[in-house]
K.L.:
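Below is the structure I would like to discuss, written out as structure tokens.
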Amino acid sequence: MKLPESYYLDSDVVKLSRDLIGKYLFTRIDGVVTGGYIVETEAYNGIIDKASHAYGNRLTPRTQTMFMQGGVAYVYLCYGIHEMLNIVTSVEGQPHAVLIRAVNPTIGLDIMQYRRNMAVIKPTITMGPGSVAKALGVSRKINGISLQSDTLWIEDRGLTFADDEVAAVPRVGVDYAGDDALLPYRFYIKGNSYVSKPNK
DNA sequence: GTGCTGATCGTCT
DNA sequence: GACGATCAGCACT
């Protein structure tokens with residue numbers, strides 16, 4: 001059921017970002033399982049991608065997780081408030097990552113609701129990368145954790161989407177990246193209500 | 001529905 | 001010392 005280590009070693013992070021659409025992502029934090037299937041991702045394509053933290057082979061205490069062998073989580077803090085969950089891919093020394101931007105929740109809705117401090121469950125519960133991390137209980141404490149662990153993993157349950165059901169568009173919030181901001185590295189399931197806002 | 005803005009701090013210059 | 005791979009709340013249409 002769990003995607004094997006080898007799945008994450010592919011050197012084509014854009015292809016993997018597309019392929020992760022429809023895969024099931026789970027966490028087991030404090031003994032409770034929450035998760036659902038991935039409906040939105042973004043690819044960050046190594047040292048040549050101006051939008052990536054690892055652009056220009058920038059190796060710092062923060063980014064070193066991205067340089068690990070594929071199949072681990074890269075979690076960091078953004079805007080001082082939000083934690084973001086990425087899946088590191090490719091071989092060691094090749095800093096590729098897939099940002100998980102939205103999930104269609106299937107298990108642990110009550111736990112997610114509690115973590116998000118919501119009075120009523122709405123699609124915003126796992127819409128956007130900061131929300132996904134918070135709903136699934138992901139924090140920087142699990143930065144670098146293996147996807148073969150029992151804390152965080154991804155399963156293939158045979159759910160697939162045809163190419164005409166998946167949009168490929170420019171990434172969100174990366175205007176500073178110049179030409180690379182235009183690359184169609186964001187993937188999402190058309191019409192899915194959990195996909196985050198810039199939805200055209 | 002759309003649009004503006006405050007929150008809040010780790011990270012790199 | 002500036003700013004970000006964002007979100008929620010509130011004003012307004």
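Convention: sequence-line order gives letters A, B, ...; per-chain numbering from 1.
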K.L.:
Counting only side-chain heavy atoms from C-beta out, which of dG10(B), dC12(B), dA5(C) sits nearest to Asn86(A)?
P.N.:
dA5(C)

K.L.:
Rounded to the nearest Å, what distance is computed from the CG atom of residue Leu85(A) to the P atom of nucleotide dA5(C)?
P.N.:
16 Å

K.L.:
Above 12 or not: heavy atoms from other molecules or residues under 6.0 Å from OH of Tyr176(A)?
P.N.:
yes

K.L.:
So if I take every side-chain heavy atom of Arg62(A) and compare against dC7(C), dT11(B), dT6(C), which nucleotide ends up nearest?
P.N.:
dT11(B)

K.L.:
Tyr55(A) and Asp180(A): side-chain donor and acceptor closer than 3.5 Å?
P.N.:
no

K.L.:
Please state how far atom OH in Tyr79(A) lies from atom C1' in dC7(C), giving the value in whole angstrom units.
P.N.:
10 Å

K.L.:
What I want to check is whether the side chains of Thr34(A) and Thr27(A) have a donor and an acceptor closer together than 3.5 Å.
P.N.:
yes

K.L.:
Report the nucleotide, chosen from dG10(B), dA8(C), dC12(B), that has the shortest atom-to-atom distance to any side-chain atom of Arg116(A).
P.N.:
dA8(C)

K.L.:
Applying the Watson-Crick and G-U wobble criteria at under 3.5 Å, what pairs with dG9(C)? Answer none if nothing qualifies.
P.N.:
dC4(B)

K.L.:
Does Arg58(A) put a side-chain nitrogen or oxygen below 4.0 Å from OP1 or OP2 of dT11(B)?
P.N.:
no

K.L.:
Heavy atoms only, 4.0 Å cut-off, all strands: where does Met127(A) land among base, sugar-phosphate and nothing?
P.N.:
sugar-phosphate

K.L.:
In whole Å, I'd like the distance from the NE2 atom of His53(A) to the P atom of dC12(B).
P.N.:
9 Å

K.L.:
With sugar-phosphate meaning primed atoms plus P, OP1 and OP2, does Ile81(A) contact a base, only sugar-phosphate, or nothing at under 4.0 Å between heavy atoms?
P.N.:
base

K.L.:
Of the options dT11(B), dC7(C), dG4(C), whose atoms approach the side-chain atoms of Ser131(A) most closely?
P.N.:
dC7(C)

K.L.:
Nearest-Å distance, CG (Asn45(A)) to P (dA5(C))?
P.N.:
17 Å

K.L.:
Once you round it to whole Å, what is the distance between P of dG10(B) and NZ of Lys141(A)?
P.N.:
15 Å

K.L.:
Quick one: look up who dT11(B) pairs with, Watson-Crick or G-U, both distances under 3.5 Å, and put none if it's unpaired.
P.N.:
dA2(C)

K.L.:
Could you give the CE-to-P distance, from Met84(A) to dT8(B), as a whole number of Å?
P.N.:
16 Å

K.L.:
Using atom CD of Glu40(A) as one end and atom P of dT6(C) as the other, report the distance to the nearest whole Å.
P.N.:
10 Å

K.L.:
Answer with base, sugar-phosphate or nothing: what part of the nucleic acid does Arg171(A) contact at a heavy-atom distance below 4.0 Å?
P.N.:
nothing

K.L.:
Is Asp30(A) paired with Arg115(A) through a side-chain N to carboxylate O contact shorter than 4.0 Å?
P.N.:
no

K.L.:
Tell me whether Tyr44(A) and dA5(C) count as stacked here, given that the ring centres must be under 5.5 Å apart and the planes must differ by less than 30 degrees.
P.N.:
yes

K.L.:
Indicate whether the side chain of Glu40(A) and that of Ser196(A) have a donor and an acceptor atom separated by less than 3.5 Å.
P.N.:
yes

K.L.:
In whole angstrom, give the distance that lies between atom OH of Tyr176(A) and atom P of dT6(C).
P.N.:
8 Å

K.L.:
Quick check for you: among dT6(C), dG10(B), dA5(C), whose closest atom lies nearest to any side-chain atom of Tyr74(A)?
P.N.:
dA5(C)

